[in-house]
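These numbers come from a predicted model, not from an experiment.
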Amino acid sequence: MATTSFFNSLNRSLGFSGSPISLFINKHIGLILFVFFLSLHCAVYSQEEQPPKVPNPEKIYLQLSSKVFASGQPIWFKAIVLDAKSNVPSGLSGLLYVDLIGMNGEILLHKLVKLKQGIGEGALELGDSYPAGRYLIRAYTKWNANFSENFMFSSFVNMVSVNGNPNKHPEDNLTIAEDNGFLQLKGLLKFKETEENPDRRIKVYLDWGKGQDTISVKKNKDGDYPLNYDLTKKQSRVSVSMDIGENLQYSTTVFLNDQLPDLQFFPESGQLVHGLSSRVAVKAIGPDGKGIKVEGVVVDRQGKKITNFKSNALGMGVFFLQADSLSMYQAKVFLPNAKEPFAVYSLPRVMAQGAVLNVFKNNKKIRLALTSNSLTDSVYIKASCRGVDYFLIAGKLKNKQLVVSLPDHQLPEGIIAFKVENHDRQPIVERLFYNVNHEQKLIVSSNFDQESYKQREPTNVNIKISGNKSASEASNISIMVFNGEAGKLKSENILSYFLLSSELKGEIENPGYYFNEENSDRLEDLDALMLTQGWRSYKYPVQRKKNVDLIPEQGLSLKGVVMPPLLGKKNGASNVDLTLATFGNETTIYSQTADSLGNFFFQMDDAYGKRIRILLKAMGKNGRNRNFSFSLDSAKTPKIFLKNYSLSKEEEHSINQVVRLGKKRVQAEQRFDMLNGFNDLEEVVVEDYLLSPEMEAAHKSFGLPDVIIPGAILREKEEKWSYGLYSILMFNYSDQVWVEQFPDGFMLAHIIGGKDEPTLLAIDGELLEKDQYELVPYMPPGIVEQVELIKHAKFFKKQYLRVFPETNPLDAPYMGHIISVYTKDGVGILGSEKPAPGTLDTSMQVISPVKEFYSPKYSSTDALTNRRPDFRSLVHWDANLTVDDEGSTSVEFFNGDVIGEHVLVIEAIANDGRIGYEEKTYSVIP
């Protein structure tokens, strides 16, 4: 009797009704299996969770400091890598690859970020020579190459030039018009006169998704550029880009006039079934690919109105329909601004037989109602999240229906997949539902010590992390503060990415909307998104690629095969002794013996920088050098996916604000530098050459080069008798450089430019220490990317004292020169191109050092700092903030000179995968 009473109480508490069923609850946490039998008349099933054969893929999120950047400003990012199924920080990978990609598909910057329990940080330095436009940032781990690109992070950002005019785009009344059955793109392009456009022509780039073209547009007598381009019938929209010089680039998308919205209908369980009532979701997409508001009515075959419907601002809505297979349904959408008053769309065909699974929230329970006009045997309903099963319900329909309720707190926060199977375990219907579980969230709360602050006044913020579990488990917090005038597109955050965007394929318009609790309809709209996005867009279960078997990277490593000197032998050399030397800030030696197939694997210590030189040496069994060769493993760079894109109004506004603020910042800093004697040399443009961040930084420190000698020219001039860099310079550039030779063999290079003025040496943008000068003459030209001769370098006395700190400052020369050498891949002064037999002398990428975010402290006594203009768009950034045992911490930072609204964003991740987010505003006043 006690057992019967227990089951009856459990049945009432879970809200089951209908026929007797069996419920199996698989609690994923702790891998403990609980089985409840709610009827003594049903069969007993056993379900055990099998350990995965391989680890799960990883989900990657980059919190970016903004989506719009001025050229020359870094993009700060925090990386969070989670296990794709459990959503807890991953300890699988120790390295993360981050790329900045131009719209031509070229990787412009490549960073290797160290991960510690799934957390990392870094910055992408954007040089002034990068053109304005749209860029792609992506991030991935080597382990994720075993899976599809679904788990790779990607985000588009916009870079703007502060030299641009933010007020008006050059295109004027561009339209796609139909004339006598033909489509034509036409309109006027308006530009001011520029010295870069003397031939009175501009290039216009057209992209319509399935094709591209470049045309030249000539100026007319009125000073405008008339654009007329014939299109095909299939081109309903065209992306138009124009490069008009002055580092200005414009892009817009033009749509076919009077194009009807794309309207799609999604029955709740995939199909309309005769005699069964179901919800039907509608999605309306405008010509720009964004959701739009529509209203209409559903009518039957006779034109009788069945119901009304309308969509929200994101283009989604829901209506109820009891379908009849004898009728065909249509939707009439009202078009108030079109030539015709309405447009007609057909709903999906009604099936004679089938099933409908209705899912909705009722207080703290998720109610499932399965209705069918054909199922008579046992059915199974499985509830899973991210590929992990949580509930399995077995039973029969009674009066064509099976109804059950599940406790929402026993399901994780996120997308729940409900799948109905027949007695043969064949799928019948499927449904996605978003479960809100407040117990699995971090509560982030912050308080300012004032409501508003004056310019350059310190701001103090107290932060508290709480939740149902220990607050101290909130292991990592990031905080950023930006001024509202600079703008930030709030389309994504840590909540929306990990709980929504990373779960569904395709683009979700404004995912952050669904997690903003100020939006009262967000949960209803979120369910509409689940219905319209559909099962075809869910990323689970995870599919692993065939013929790909990469191991996770815990850190820097070198893997490969050593090959014997005998030609034609396919197998590796067995039991060969190997020595690996790495030349970073200090030399490190590793040794091991290759296995019977010649395979080797070196797990290396952390090394920071861009690249370092490595030397791999193989020794035979007799200890003699032999002509062994090496084959190093290298992971393929993932395929780059770019897409046509049109700027939204929000993006255009944000871009314009960044340009305005950037112009203001540059002008103020220039005036300050002139008044304080820091008038830099005028900038020059190097044609067809993209400056690296190291070159840009060196030019700012040393001055612009007077002579540039590309490495390819040095190699052309190399003779058989040449012994290194200095020999080529001596015999080919004697009018620019002379080399002083001393009796002990030491050589010292001098730039010809002044009497007794010394010449310093720099490698890859860094001044050499004096004891390294003896290595430069013999640098092989094969590793030289470029040599720059800088005559009368800036701030030379300061540079000289850095190399010779023992010199009396009164005796240090005020004038001098610098020979600046850049090496391929930054291999540095120890690079080599002619390895000895049985050795491999090359370089490898190492971990990118973490750059420190600079924030001025105006309480200091540095008068120069206090007087320098401060128009920062990013006021504060801290990617690695921790809390005490009570979940509390505090932050202090100084505001700049920008007045108006400022935004504080806090993102938190706990060791157990709980996520927290908060956004607040405050004001800076004069």
Side-chain angles (χ1 to χ4, degrees), residues 558 579-589 607 609-618 625 627-630 632 634 689 692 694-695 698 705 707-734 736-742 744-751 759-790 818-846:
L558 188 71
T579 302
L580 173 66
T582 63
F583 304 94
N585 293 331
E586 57 185 33
T587 302
T588 306
I589 306 295
K610 189 175 182 181
R611 300 184 73 88
I612 62 170
R613 178 193 172 203
I614 62 172
L615 182 64
L616 183 60
K617 183 177 181 181
N625 291 338
N627 290 324
F628 291 104
S629 59
F630 302 90
L632 300 181
S634 59
Y689 185 76
S692 68
E694 291 82 8
M695 290 181 179
V707 178
I708 297 177
I709 307 173
I713 301 299
L714 291 174
R715 289 183 282 279
E716 288 179 6
K717 296 182 180 296
E718 185 180 15
E719 302 288 349
K720 291 182 178 180
W721 48 262
S722 298
Y723 56 79
L725 176 62
Y726 277 13
S727 63
I728 300 174
L729 293 177
M730 265 197 307
F731 290 96
N732 294 279
Y733 298 94
S734 58
Q736 300 290 340
V737 178
W738 72 278
V739 178
E740 184 179 4
Q741 302 188 45
F742 295 84
D744 60 356
F746 181 77
M747 289 184 284
L748 188 62
H750 301 270
I751 290 179
T759 297
L760 302 178
L761 300 178
I763 301 293
D764 296 327
E766 297 291 336
L767 290 171
L768 284 183
E769 297 180 6
K770 57 186 177 182
D771 57 356
Q772 295 177 308
Y773 275 44
E774 62 182 0
L775 302 175
V776 179
Y778 307 101
M779 291 181 65
I783 68 168
V784 176
E785 183 74 36
Q786 182 168 290
V787 176
E788 297 181 351
L789 307 182
I790 305 169
I818 295 177
I819 298 177
S820 185
V821 181
Y822 295 93
T823 60
K824 289 183 176 180
D825 296 325
V827 296
I829 196 172
L830 296 175
S832 175
E833 62 173 346
K834 295 179 181 178
T839 64
L840 176 65
D841 195 341
T842 184
S843 68
M844 64 175 292
Q845 184 184 13
V846 291

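- No side-chain donor-acceptor contact under 3.5 Å links Y773 to the backbone of L748.
- Remark: E719 engages no residue in a side-chain hydrogen bond (donor to acceptor under 3.5 Å, both in side chains) (not counting sequence neighbours).
- Across A698 and G765, no two heavy atoms sit closer than the pair CB-CA, 4.0 Å.
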Next item on the list: Would you check, one step at a time, whether the test side chain to side chain contact (heavy atoms under 4.5 Å, CB included) holds for I819 with L789?
Entry: CA-CA 5 Å; I819 298 177; L789 307 182; 4.0 Å; yes

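- Taken from CG in L767 to CD in Q772, the straight-line distance is 11.0 Å, to the nearest 0.5 Å.
- Residues P705 and I790 share a closest heavy-atom pair of CA-CG1, 3.9 Å.
- Residues L632 and L840 are in side-chain contact: their nearest non-hydrogen atoms beyond the backbone lie under 4.5 Å apart.
- Here the shortest heavy-atom pairing between I589 and A581 reads CD1-CB, 3.5 Å.
- Note that CD of Q786 is 8.5 Å distant from OG of S820, once rounded to the nearest 0.5 Å.
- Scanning all heavy atoms of the two residues, the minimum distance from P780 to V784 falls at O-CG2, 3.7 Å.
- Atom OG1 of residue T839 and atom CD1 of residue I614 lie 11.5 Å apart, to the nearest 0.5 angstrom.
- Evaluation of the side-chain hydrogen bond (donor to acceptor under 3.5 Å, both in side chains) rule for D764 yields T823 as partners, not counting sequence neighbours.
- Partners of K770 by salt bridge (Lys or Arg N to Asp or Glu O under 4.0 Å), not counting sequence neighbours, listed by chain and number: E806.
- Here the side chains of I763 and M779 are in contact, with some heavy-atom distance below 4.5 Å.
- For the atom pair F630 CZ and K617 NZ, the distance stands at 10.5 Å (nearest 0.5 Å).
- A donor-acceptor pair under 3.5 Å links the side-chain atoms of T759 to the main chain of I751, judged by distance alone.
- Between T582 and T587, every side-chain heavy-atom pair lies at or beyond the 4.5 Å cut-off.
- Just one of I713, I709, L714 meets the side chain to side chain contact (heavy atoms under 4.5 Å, CB included) condition when paired with I728; it is L714.
- For the atom pair I818 CD1 and L761 CG, the distance stands at 9.5 Å (nearest 0.5 Å).
- At least one side-chain heavy atom of E788 sits under 4.5 Å from a side-chain heavy atom of Y822.
- Side-chain contact check for Q741 versus Y726: every heavy-atom pair is 4.5 Å or farther apart.
- Atom-to-atom distance recorded for I783:CD1 and R715:CZ is 10.0 Å, nearest 0.5 angstrom.
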Next item on the list: Evaluate the side chain to side chain contact (heavy atoms under 4.5 Å, CB included) criterion for residues M730 and V737: first the C-alpha distance (whole Å), next the side-chain angles of each, then the deciding distance (0.1 Å), finally the verdict.
Entry: CA-CA 7 Å; M730 265 197 307; V737 178; over 6 Å; no

